[in-house]
Amino acid sequence: MFRILKKRRLAYGTHDFWVEAPEVAQHAQPGQFVVVRIHQYGERIPLTIADSADDAIRLVVKAVGKTTYELCSLKEGDELADVVGPLGHPSEMGKFGHVMMVGGGVGIAAIYPIAKKLKDHGNRVTVILGGRTAEQVIMRDEFRFADRILITTDDGSLGIKGVVTDAMKKVLEEDTVDVAWAIGPTIMMKFCALLAKEYALKIWTSLNPIMVDGTGMCGACRVTVGGEIKFACVDGPEFDGRLVDWDELLKRLTIYQKEEKEALEKYLKKVGEPSWL
Amino acid sequence: MAVKIQPNKTPMKEQEPEVRIKNFNEVALGYTEEEAVKEAERCLQCRVPMCVKGCPVQIDIPAFIREIRNRNFEKAAEIIKRYNNLPAICGRVCPQENQCEATCVVGKMKDHEPVAIGRLERFVADWEAENVGLKLPKLPDKRPQKVAVIGAGPGGITCAADLAKMGYEVTIFEAFHEPGGVLIYGIPEFRLPKKIVKREMDYIRALGVNIVTDVVVGRSITMQEILDEYDAVYIGIGAGAPKFMGIPGTNLIGVFSASEILTRVNLMRAYDFPNYDTPVKKGSKVMVVGAGNVAMDAARTALRLGAKEVTIVYRRSEKEMPARIEEYHHALEEGIKFKWLTQPVRYIGDENGKLVAVECIKMELGEPDASGRRRPIPIEGSNFIMEVDMAIEAIGQGPQKILLQNFPELKLNKWGYIEVDPETCATNIPGVYAGGDIVTGAATVIEAMGAGKRAAKAIHEYLSSKVIGHKT
Ligand SMILES: Cc1cc2nc3c(=O)[nH]c(=O)nc-3n(C[C@H](O)[C@H](O)[C@H](O)COP(=O)(O)OP(=O)(O)OC[C@H]3O[C@@H](n4cnc5c(N)ncnc54)[C@H](O)[C@@H]3O)c2cc1C
Ligand SMILES: Cc1cc2nc3c(=O)[nH]c(=O)nc-3n(C[C@H](O)[C@H](O)[C@H](O)COP(=O)(O)OP(=O)(O)OC[C@H]3O[C@@H](n4cnc5c(N)ncnc54)[C@H](O)[C@@H]3O)c2cc1C
Ligand code: SF4
Ligand code: FES
């Protein structure tokens with residue numbers, strides 16, 4: 001069993017966990033993820049490793065459906081049935097020069113360890129963080145190591161009023177960028193990739209298809225990259241966003257929409273108002 | 001012995017097809033004691049038992065059948081267990097028609113079916129579980145050496161059990177949250193109830209084997225760390241990575257690998273959604289591609305999930321079909337349709353990316369290919385459309401790469417499987433052994449078990465010689 005050591009709320013519906021998982025913690029590298037199953041009736045869901053220290057890993061979870069709602073309801077001291085990982089290839093590391101790190105929503109947590117390590121490698125790091133509102137721009141104090149931080153909000157409550165691609169454009173017009181990362185909602189990553197293509201910029205995106213095992217044994221996570229079928233869990237999760245078939249991925253994310261709705265409704269009927277979110 | 005032999009096998013009770021297609025309970029219900037004794041009496045007790053030659057682990061078949069005849073069921077179980085750690089499983093899933101029953105002398109007689117060796121094996125194992133319970137052998141003194149087994153499939157658990165019985169400290173590392181390999185995540189409940197697999201896992205644990213789940217070797221722990229900590233290693237990671245034909249439209253919504261459907265249903269219990277959280281798509285008109293055990297299991301699973309019509313398409317003919325014959329018969333009884341000599345060439349989707357039809361082409365058989373089977377050749381211009389809302393590919397699996405990428409020193413063969421000495425299962429790295437599907441490619445439970453047994457013996461010899469080496 002994997003114990004929740006620390007937990008706090010970062011924003012409405014987004015919670016920050018430190019979970020005891022010694023093997024994972026000792027081997028985790030930026031860009032990798034775990035598969036979590038809350039209890040014996042639970043689904044296996046993938047979550048990015050946002051950080052690791054000693055015997056614990058950090059997970060930042062946004063409540064979007066049954067499993068993530070329930071996960072966010074757990075408390076310090078509670079245990080998760082399964083945490084498997086670290087899975088997927090680590091992010092490509094090295095000294096590239098100027099790197100642009102774009103995080104949207106809960107994707108900010110996924111960008112964090114990669115940006116930190118890139119900084120350690122001696123890169124100049126520009127960070128762009130986006131959210132719908134100021135509250136949703138999570139973890140922004142933790143990016144102090146960055147050379148430059150730009151913030152965007154849909155409602156203009158913080159930083160630039162607009163979306164992350166607006167900030168990307170600004171940086172790309174003012175400066176040369178050697179390589180970029182963009183992690184967030186699929187639709188955001190799609191537009192970041194389209195923009196990067198215009199500037200002939202390599203942009204790593206972390207794909208989030210539906211997964212089951214996370215170890216290459218089912219093919220649920222298949223995506224098309226550069227015209228080829230890839231299994232995101234073992235061939236990725238990061239791919240050059242310019243080569244990804246985004247529309248196919250967006251469609252594939254809807255496969256279980258009906259069942260997801262049913263599961264969440266049934267759960268909320270059982271537990272009542274999700275006041276903990 | 002001039003007794004007259006019943007020409008047919010004693011029938012085994014089964015759930016009626018119209019009932020069983022609505023549930024996931026086991027189809028075949030097993031023999032009673034009377035039925036088992038009756039079937040045992042069909043055995044000639046050959047002095048040169050051909051059946052044993054057909055058995056991959058050479059169980060002394062006439063000996064255990066003799067004990068059934070004498071109603072010494074416990075003794076019968078003891079005999080089988082000398083050769084086979086998992087008889088309740090093998091009795092249910094072995095392709096007996098290609099093994100012991102293929103060579104059985106009775107089956108060679110005109111108009112006679114062979115002795116139902118598989119059913120008898122199953123009977124004995126179930127009888128023992130019900131009437132005797134868990135019986136641990138006397139374990140020898142602990143030996144100082146530690147062995148790591150990677151993968152808790154039939155091969156890994158057999159190897160672990162044999163080594164534990166010799167006194168070694170054994171740890172199994174398993175990637176999934178439940179041990180059992182294909183027995184848990186692949187073969188459906190209606191063929192192999194999971195409680196039987198769990199019973200075997202309890203036995204392995206009772207032998208002192210430490211089963212650690214949620215560990216993906218190559219990621220959660222590296223091969224180097226394992227080599228540093230353990231005196232020997234057995235790799236039994238199976239061949240679970242699904243292959244796709246790669247035809248246009250493969251990523252449409254509604255196209256799945258059999259592995260995904262079966263994993264959702266078996267490992268994650270998606271047939272009981274939403275009591276279990278994992279969903280599975282229920283097709284209405286379903287096509288399954290391939291005609292092996294995996295295809296049969298996927299087709300019959302789709303039917304039980306509520307499909308109106310399930311059709312298996314196979315590019316060769318009925319004769320080349322690799323599935324276990326009993327599963328084929330069960331599938332036919334359940335109303336699964338078969339389209340032989342047919343190959344999908346393109347998936348067709350609607351504007352939402354959902355599968356609506358599959359374009360297929362008809363095939364004919366040409367000259368024999370490398371596998372000795374006649375090669376299927378497309379018939380030009382014979383294309384036709386089948387309307388389906390779900391397509392499940394069951395065309396084979398390959399090696400899962402995570403461990404192999406983490407251990408590049410390991411020698412592989414040209415198909416990407418681990419190369420071993422077939423006698424000992426030794427790889428090119430001293431102290432590292434491998435067996436089962438990761439060596440042979442997708443094969444059978446009994447072959448994986450056989451490899452686990454041979455490897456355990458070889459590991460014991462290797463570790464014994466090392467100890468002596470240390471002392472001198
Ligand atoms: C490699 C990887 C890393 C991820 N890392 C994180 C993370 O660090 N933090 C986090 O909060 N989430 C992360 N996700 C997404 C997370 O796995 C899903 O949100 C989760 O599985 C939803 O489960 P649920 O039962 O709560 O919701 P469901 O009921 O399954 O889904 C509810 C809604 O979420 C959408 N959804 C379902 N699965 C996914 C998915 N995999 N990605 C995006 N949307 C999805 C559905 O389309 C639906 O609209 C990651 C996904 C992947 C593949
Ligand atoms: C649907 C289906 C039906 C079948 N039906 C039959 C049948 O009726 N009769 C028959 O004889 N055979 C059948 N087979 C074939 C049979 O199941 C296999 O040949 C047999 O299970 C192989 O055993 P194994 O020990 O090599 O590995 P597996 O059973 O494949 O087990 C390997 C285990 O290793 C784990 N693993 C993989 N990688 C790692 C890693 N890096 N770290 C840790 N663990 C890892 C896997 O999770 C898995 O649990 C069927 C197969 C399938 C898929
Ligand atoms: S070959 Fe058939 S008849 Fe002869 S011993 Fe074996 S099971 Fe009995
Ligand atoms: S999640 Fe199963 S293959 Fe990627």
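Heavy-atom basis, side chains included; hydrogens, waters and symmetry copies ignored. All chains are named by letter (A, B, ...) in the order of the sequence lines, taking the proteins before the strands, and each is independently numbered beginning at 1.
The distance from atom CG of B:D277 to atom CD of A:E70, rounded to the nearest 0.5 Å, is 6.5 Å.
Contacts of residues 218-229 of chain A with chain B at a heavy-atom distance below 4.5 Å involve A:C218, A:G219, A:A220, A:R222, A:V223, A:T224, A:I229, listed in sequence order. Among residues 399-406 of chain B, the residues having any heavy atom closer than 4.5 Å to a heavy atom of chain A are, in sequence order, B:Q400, B:I402, B:Q405.
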- Message: With side chain to side chain contact (heavy atoms under 4.5 Å, CB included) as the criterion, how do B:N275 and A:Y41 come out once you've worked through the C-alpha distance, each side chain's angles and the decisive distance to 0.1 Å?
- Response: CA-CA 7 Å; B:N275 291 324; A:Y41 299 100; 5.8 Å; no
- Message: Between B:D214 and A:F2, does the side chain to side chain contact (heavy atoms under 4.5 Å, CB included) criterion hold? Intermediate values first, please.
- Response: CA-CA 11 Å; B:D214 292 334; A:F2 302 84; 3.7 Å; yes
- Task: Quick one: do B:T278 and A:R44 satisfy side chain to side chain contact (heavy atoms under 4.5 Å, CB included)? Show the steps, please.
- Result: CA-CA 8 Å; B:T278 306; A:R44 294 170 65 103; over 6 Å; no
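Side-chain atoms of B:S220 come within 3.5 Å of backbone atoms of A:G85 as a donor-acceptor pair (strictly under, hydrogens ignored). Panel note: side chain B:K281, backbone A:Y256; no donor-acceptor pair is recorded below 3.5 Å. Formation of a donor-acceptor pair under 3.5 Å by the B:H177 side chain with backbone atoms of A:D82 is not found in this model.
The greatest number of non-hydrogen atom pairs below 4.5 Å with chain B, out of A:K251, A:E260, A:Q32, A:E23, is found for A:K251. Between chain A and the residues B:A270, B:G240, B:S257, the largest count of heavy-atom pairs under 4.5 Å involves B:G240. When the candidates B:R269, B:R264, B:M268 are compared by the number of heavy-atom contacts under 4.5 Å with chain A, B:R264 comes out ahead. Contact count versus chain A (heavy atoms, under 4.5 Å) is highest, among B:G398, B:G353, B:P242, for B:P242. Chosen from A:K258, A:Q40, A:H39, A:H89, the residue pairing most often with chain B at heavy-atom distances under 4.5 Å is A:H89.
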